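One structure below.
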Amino acid sequence: MKMSQIFVQTLREYPADAEVISHKLLVRAGFIKKLANGIYNYLPLMWRVLKKVENIVREEMDAAGAQELLMPFVQPEELWQESGRWNVYGKELMRLKDRHDKSMCLGPTHEEIITFIAREGIQSYKQLPVNLYQIQSKFRDEIRPRFGLLRGREFIMKDAYSFDVSEEALDKSYKIMAAAYTKIFDRCGLETKMVQSDSGAIGGSVSHEYMVLTKTDSGENDVFYCEKCDFAANSNHTTSVLPPAKTDGGFAKLEEVSTPNVKTIDEVAEFLKVEKTVICKSMVYVADGKPVLVLIRGDKNIEEIKLLNATGANELRIACEGEIEDLMRAHNFNAAAGFIGPVGMDKVKIIADLTVKELKNFVAGANKNDMHLVGVNLSDLSKDVVFADIRLACVGELCPQCQDELKVTRGIEVGNIFKLGTKYSAKMSATFAAEDGTEKPFIMGCYGIGISRTAAAAVERYHDENGIKWPVAIAPYHVIVIPVNAADEKQMSIAEDIYKKCLSNGLEAVLDDRDFRAGVKFKDADLIGFPYKIVVGKGIEKGLIEFKNRMTGEALEIKPEEIFDYIKVECV
RNA sequence: CGGGACGUGGCGCAGCUUGGUAGCGUACUACCUUGGGGUGGUAGGGGUCGCAGGUUCAAAUCCUGUCGUUCCGACCA
């Protein structure tokens with residue numbers, strides 16, 4: 001392809017509305033163009049990248065024995081009623097009506113549809129196992145889309161679904177997918193970590209996420225890992241072991257103390273001269289519309305996903321001021337946030353983190369403004385407390401497997417695998433005849449890869465101040481040939497010659513034939529991120545051209561016929 | 001959901017306080033110049049100033065509403 005003919009416009013400046021580097025660079029280098037909030041056009045360069053990621057995914061899925069199909073993007077309400085998710089999925093599910101007023105939705109994921117397909121198409125255990133997948137646009141009406149392709153509303157995803165006769169067979173399918181995923185991201189040139197995770201709205205028992213470790217602070221997830229053993233988990237699923245701490249407040253008896261305008265844990269600890277570890281932090285949440293009092297040791301924080309699971313609710317948020325007032329009024333208390341405590345709260349569900357179990361003679365809000373209680377014990381509460389692990393792990397805590405110190409890093413989730421079990425097959429009556437003649441629901445697994453997010457994660461991971469550094473396997477083109485001086489006939493003709501040789505050697509090459517100064521062409525080449533750059537300049541008088549590797553920075557002067565010794569491209 | 005900020009050629013912005021011919025940089029077109037990291041110059045084309053009302057002789061500018069974009073937030077960070 002000639003550079004002058006590629007449909008692309010690079011910008012001199014970053015777009016004003018972009019925050020993360022992958023978003024800024026993809027817009028500035030002319031890969032994407034926003035159409036609406038969280039909805040992007042994939043321009044020709046981007047589409048080439050996405051097709052490469054797709055092809056790697058497709059090849060490895062096929063090699064793992066999965067079969068590709070394509071399901072509809074618009075789905076009928078009925079199936080979602082069957083699975084029970086129509087009323088559970090919330091506003092992220094984009095609902096719409098057709099001309100006959102029939103209720104439909106845009107597919108955010110396809111468990112319902114694939115279960116329908118299996119129900120219709122699989123009658124016998126002899127047809128199992130089977131793994132079906134598709135690569136398609138998904139739509140999730142995110143509360144707050146941002147970060148460009150990293151969290152769009154419309155995005156491209158590969159989703160696969162396995163059907164097995166038993167849990168043991170599912171284990172096998174799951175392991176095959178795990179191995180395929182490792183291979184896929186390897187081939188994309190991305191280092192990933194497989195981590196334990198929460199299974200969220202998709203449901204199921206076991207799940208793992210594949211995280212690209214960005215080596216910077218970008219990425220939406222915190223990943224805790226252990227260098228000594230193989231432990232790694234998303235922060236929303238990390239159970240850590242706490243180092244010893246003082247948990248006895250030492251207050252001899254239960255009494256109220258005046259704490260004027262002392263609200264936060266830090267202020268309380270400072271005012272009463274106690275460790276934060278002997279204060280019980282009390283927060284009011286609203287789970288599916290009902291208030292819940294949540295307790296945790298003062299030096300620790302709530303992990304809301306864990307809390308959500310502990311409540312069994314679908315939706316969880318922290319209470320607003322008015323809701324707190326209502327709750328306090330119901331108990332004939334008058335206290336604002338900062339002075340709330342568990343003593344006397346008998347008309348509300350109380351969920352406490354496991355750290356609270358250890359507390360003795362501790363400090364808590366008195367449910368009166370400007371007052372706290374000291375010397376509180378759990379036996380002073382008038383209502384039973386539900387204990388659960390709802391704590392956000394943090395650095396300094398210990399690995400649950402080997403007690404070594406946990407480390408944390410930021411990661412971008414590019415893939416996940418779930419064991420679904422019979423969650424969908426049971427509800428949707430998707431069964432097969434087992435070997436013993438009985439009807440059994442399918443044992444299912446599901447496996448996703450964010451295609452567009454993977455591409456964005458690659459930019460997030462590999463870039464410098466001049467632009468993108470695409471891994472060769474997913475770069476839009478492999479090599480760009482730049483004649484320094486477009487007016488120099490010798491340079492031009494040799495550049496063209498090299499370009500043609502690249503093409504006939506199976507390389508995806510671009511010739512920068514534009515009548516621009518060298519600097520402009522170099523800047524664009526770096527910005528767009530061609531992995532290999534061949535420069536034909538004055539050196540040609542001595543029979544030499546320049547070769548640069550964008551990823552490694554390697555730069556050499558070589559003879560034109562030597563370039564193929566340096567360009568390593570997989571599956572040419 | 002709540003709060004703030006911003007909507008002016010493709011992109012980045014000024015102008016608004018104090019109402020009076022719509023500007024700058026970049027990108028684009030043509031010509032000249034230059035030719036190893038976004039050359040320099042001349043001449044052009046492109047915007048009903050998000051939209052709708054209102055005030056006024058006159059509105060990008062003041063007022064009201066609305067839509068969009070964006071950041072932040074929930075006694076934790």
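Model, not experiment: these values are computed from the prediction. Note on naming: letters A, B, ... go to the chains in the order of the sequence lines (proteins, then strands), and numbering restarts at 1 for each one.
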Using a 6.0 Å distance limit plus a 45 degree cone around the ring axis, check whether A:Lys24 lies over the aromatic ring of A:Tyr14.
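Yes, a cation-pi geometry.
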A cation-pi test, strictly: NZ or CZ of A:Lys368 under 6.0 Å from the centre of the six-membered ring of A:Phe333 and no more than 45 degrees from its axis. Yes or no?
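So A:Lys368 doesn't make the cation-pi contact.
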Donor-acceptor pair present, [X] side chain and [N] base, under 3.5 Å:
X        : N     : value
A:Asp515 : B:G35 : yes
A:Asp526 : B:G37 : yes
A:Lys533 : B:G37 : yes

Nearest-Å distance, CG (A:Asn485) to C1' (B:U34)?
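These atoms are roughly 10 Å apart.
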Any residue of [range] with a heavy atom less than 4.0 Å from an atom of RNA chain B:
range                       : value
residues 489-499 of chain A : none
residues 546-554 of chain A : A:Glu546, A:Lys548
residues 357-371 of chain A : none

So what does A:Lys521 hit on the nucleic acid, given a heavy-atom distance under 4.0 Å: a base, only sugar-phosphate, or nothing?
nothing
Given the side-chain rings of A:His23 and A:Tyr40, with only the six-membered ring counted for Trp, is the space between their centroids under 6.0 Å?
yes
Which atom pairs, donor and acceptor, lie under 3.5 Å between side-chain atoms of residues 336-360 of chain A and protein residues at least two apart or in another chain?
residue	atom	partner	partner atom	Å
A:Asp353	OD1	A:Ile390	N	2.8
A:Asp353	OD1	A:Arg391	N	3.2
A:Asp353	OD2	A:Thr355	N	3.0
A:Asp353	OD2	A:Thr355	OG1	2.6
A:Thr355	OG1	A:Arg297	N	3.4

What donor-acceptor contacts under 3.5 angstrom involve side-chain atoms of residues 532-539 of chain A, with partners at least two apart or in another chain?
residue	atom	partner	partner atom	Å
A:Tyr532	OH	A:Lys568	N	3.4
A:Tyr532	OH	A:Lys568	O	3.3

What pairs meet the salt bridge (Lys or Arg N to Asp or Glu O under 4.0 Å) rule with one or both residues in residues 477-492 of chain A, with sequence neighbours excluded?
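Listed by first then second residue: A:Lys490-A:Glu541.
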